[in-house]
Amino acid sequence: MKYVDEYRNGALARAIAAAIAAEVRPDRTYAFMEFCGGHTHAISRYGIEDLLPANLRMIHGPGCPVCVLPVGRIDDAIALARQPGVTLCTYADLMRVPASKGASLLKAKAAGADVRMIYSPLDAVRIAEAEPERQVVFFAIGFETTTPPTAVALKAAEAKGLGNFSIFCNHVLTPVAMRAILDTPAAEGEPPIAIEGFVGPAHVSTIIGMEPYREFAENDRKPVVIAGFEPLDVMQAILMLVRQVNEQRSEVENQYIRAVTQAGNETAQTLCDEVFEIREDFEWRGLGVLAASALKLRDKYARFDAEKRFAITTVHADDNPACECGAILRGQKKPAECKLFGTVCTPDTPMGSCMVSSEGACAAHWTYGRFREHQAKRQSAS
Ligand code: SF4
């Protein structure tokens, strides 16, 4: 398939791996964070870490929209779905995210709540149009990639004059999360996370472009290389980061030139700016409450705002205390360091959001990484 097969070419992968190995200096270590869950997934799926030198470490970042949604917001969505006359529309991977007291949207649906899985926000608009007696709420989550489709859905509902459609808005902002990661103090008894550069988001950057990452390169001296989601994209981005570090450069570079431009998608940016404004603050799983880190509907669209229509007041709810999702999302721990990983917590019985979404580090590691670990153990034992 065009733009897929050529980015999964094994011979090219080996050539890039050889270039990385040749350029990595043996007298130092390297640590890069891949911000996106899509990159985490690619790294696990294609065994990219196995192709990297031992002194180059990849750290998983918080760029999985399902993973960073705090428990309190899932509780809100479940409470909404349980209201008589309400239909809650959501993406499938939110259905099984554990909420307070063992609840989930899937369990609420099984108990009779009208929760429907959709593929696009416009599906929710169509449901609202077809069922005017229902109050249809779209549970909107995601980074800058999924924000424009939510805005499009709102405009479609407005054009159709729908009075029974609203949005429970949970859209969050990538650069603020990157800033939070860089400013995260070391966990008690642990060394600080020494991130030397970022593999920058792919899809997010098609919308926001390259400019928002400049502060990390210029002020923090952390290079950013925006990369696509195929294995050769990720490997080339790692090579570009190694070169920047070796040459003591700190720039925003674009590996994903087939989709990302300097300015991003200005049409989408204008639409989003018209529909959304920045919240004062927002809670993230793992990162805490971050100022100016999420979006809400502008007052002129208040009639589409589910938080206003249903008087939602989010209450903080604690994560499962045994779940290490928070530390994993901050890059402080790896999935296998959680005591529940692969025992109590598997994709069939997720105890935390990182095991639910395919972009979650625990799910990616469970699906692909655990086999390699067992293999390595077997080989070292024989
Ligand atoms: S393995 Fe499960 S419980 Fe442990 S951090 Fe991951 S999602 Fe949380």
Side-chain angles (χ1 to χ4, degrees), residues 1 4 7-8 33-49 58-71 73-74 77 89-99 104-106 109 115-121 123 139-146 149 170-172 174 177 199 201-206 227-231 233-234 256 284-286 319-320 323-326 328-329 331 333-336 338 340-342 344-373:
M1 189 192 299
V4 175
Y7 292 94
R8 297 179 183 176
M33 172 175 275
E34 84 277 4
F35 180 86
C36 265
H39 288 136
T40 301
H41 182 89
I43 287 168
S44 292
R45 179 175 178 185
Y46 296 103
I48 289 173
E49 278 181 318
M58 296 306 294
I59 300 168
H60 308 317
C64 159
V66 172
C67 305
V68 295
L69 198 64
V71 175
R73 300 294 276 189
I74 311 271
C89 296
T90 180
Y91 299 127
D93 47 4
L94 272 174
M95 295 289 286
R96 296 188 313 126
V97 178
S104 70
L105 283 166
L106 193 63
K109 181 178 173 69
V115 182
R116 301 193 203 174
M117 286 177 272
I118 56 171
Y119 292 101
S120 153
D123 293 340
F139 188 6
I141 69 155
F143 290 88
E144 291 87 339
T145 322
T146 51
N170 295 274
H171 287 300
V172 289
T174 300
V199 174
H203 296 164
V204 161
S205 305
T206 64
F229 284 134
E230 294 299 331
D233 291 320
V234 179
Y256 198 28
W284 295 55
R285 191 191 301 255
D319 288 328
N320 180 332
C323 172
E324 298 278 12
C325 267
I328 291 168
L329 289 165
K333 289 202 169 171
K334 292 196 161 221
C338 171
L340 306 187
F341 178 82
V344 178
C345 184
T346 70
D348 286 337
T349 55
M351 304 300 288
S353 57
C354 304
M355 191 57 99
V356 177
S357 167
S358 62
E359 292 189 6
C362 297
H365 195 67
W366 170 262
T367 308
Y368 306 109
R370 71 191 202 279
F371 300 114
R372 273 197 292 281
E373 267 168 21

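In this chain, residues are counted from 1 in sequence order. No experiment lies behind these values; they were computed from the predicted model shown.
Between Tyr7 and Val234, the closest side-chain pair of non-hydrogen atoms is not below 4.5 Å. A heavy-atom distance below 4.5 Å is not found between the side chains of Cys338 and Met355. Looking at heavy atoms from C-beta onward, Phe229 lies in side-chain contact with Cys36 at the 4.5 angstrom threshold. The shortest side-chain heavy-atom distance between Leu94 and Val356 does not fall under the 4.5 Å cut-off. For the pair Pro70 and Trp284, the minimum side-chain heavy-atom distance is 4.5 Å or more. The side-chain heavy atoms of Val199 and Phe35, taken from C-beta on, include no pair separated by under 4.5 Å. Side-chain contact between Pro121 and Pro149 is present, with at least one heavy-atom pair separated by less than 4.5 Å.
Looking at every heavy atom in both residues, Cys323 comes nearest to Gly352 through SG-CA, 3.9 Å. Shortest non-hydrogen contact noted between Cys325 and Cys354 is SG-SG, 2.6 Å. Shortest non-hydrogen contact noted between Trp366 and Gly342 is CZ3-CA, 3.3 Å. Closest of all the heavy-atom pairs between Pro62 and Val68 is O-CG1, 3.0 Å. Across every non-hydrogen atom of Ala227 and Ala202, the tightest pair is O-CB, 3.0 Å. Taking each heavy atom of Leu105 and Val115 in turn, the nearest pair found is O-CG2, 4.1 Å.
For the atom pair CG of Leu106 and CE of Met95, the computed distance is 5.0 Å after rounding to the nearest 0.5 Å. With rounding to the nearest 0.5 Å, the separation of CG in Asp93 from OG in Ser357 is 4.5 Å. Taken to the nearest 0.5 Å, the OG atom of Ser205 stands 12.0 Å off from the CZ atom of Phe143. Atom-to-atom distance recorded for Leu329:CG and Lys333:NZ is 13.0 Å, nearest 0.5 angstrom. Of the inter-residue distances, the one linking Ile74 atom CD1 with Arg96 atom CZ reads 12.5 Å to the nearest 0.5 angstrom. One distance of note links SG of Cys362 with NE2 of His60; it measures 8.5 Å at 0.5 Å rounding.
Listed for the Thr146 side chain is a donor-acceptor partner under 3.5 Å among the backbone atoms of Ile141. Looking only at distances, a side-chain donor or acceptor of Arg285 sits under 3.5 Å from a matching main-chain atom of Cys67.
Partners of Glu230 by side-chain hydrogen bond (donor to acceptor under 3.5 Å, both in side chains), not counting sequence neighbours, listed by chain and number: Arg8. Remark: Thr90 pairs with no residue by the side-chain hydrogen bond (donor to acceptor under 3.5 Å, both in side chains) rule, at least two apart or across chains.
A ring-centre distance under 6.0 Å is found for His41 and Tyr368.
Ring planes of His365 and Phe341: tilted class, angle from 30 to 60°.
A salt bridge links Glu49 to Lys334: one of the charged nitrogens lies within less than 4.0 Å of a carboxylate oxygen.
Looking at Thr40 and Glu359, their side chains never bring a donor and an acceptor atom within 3.5 Å of each other.
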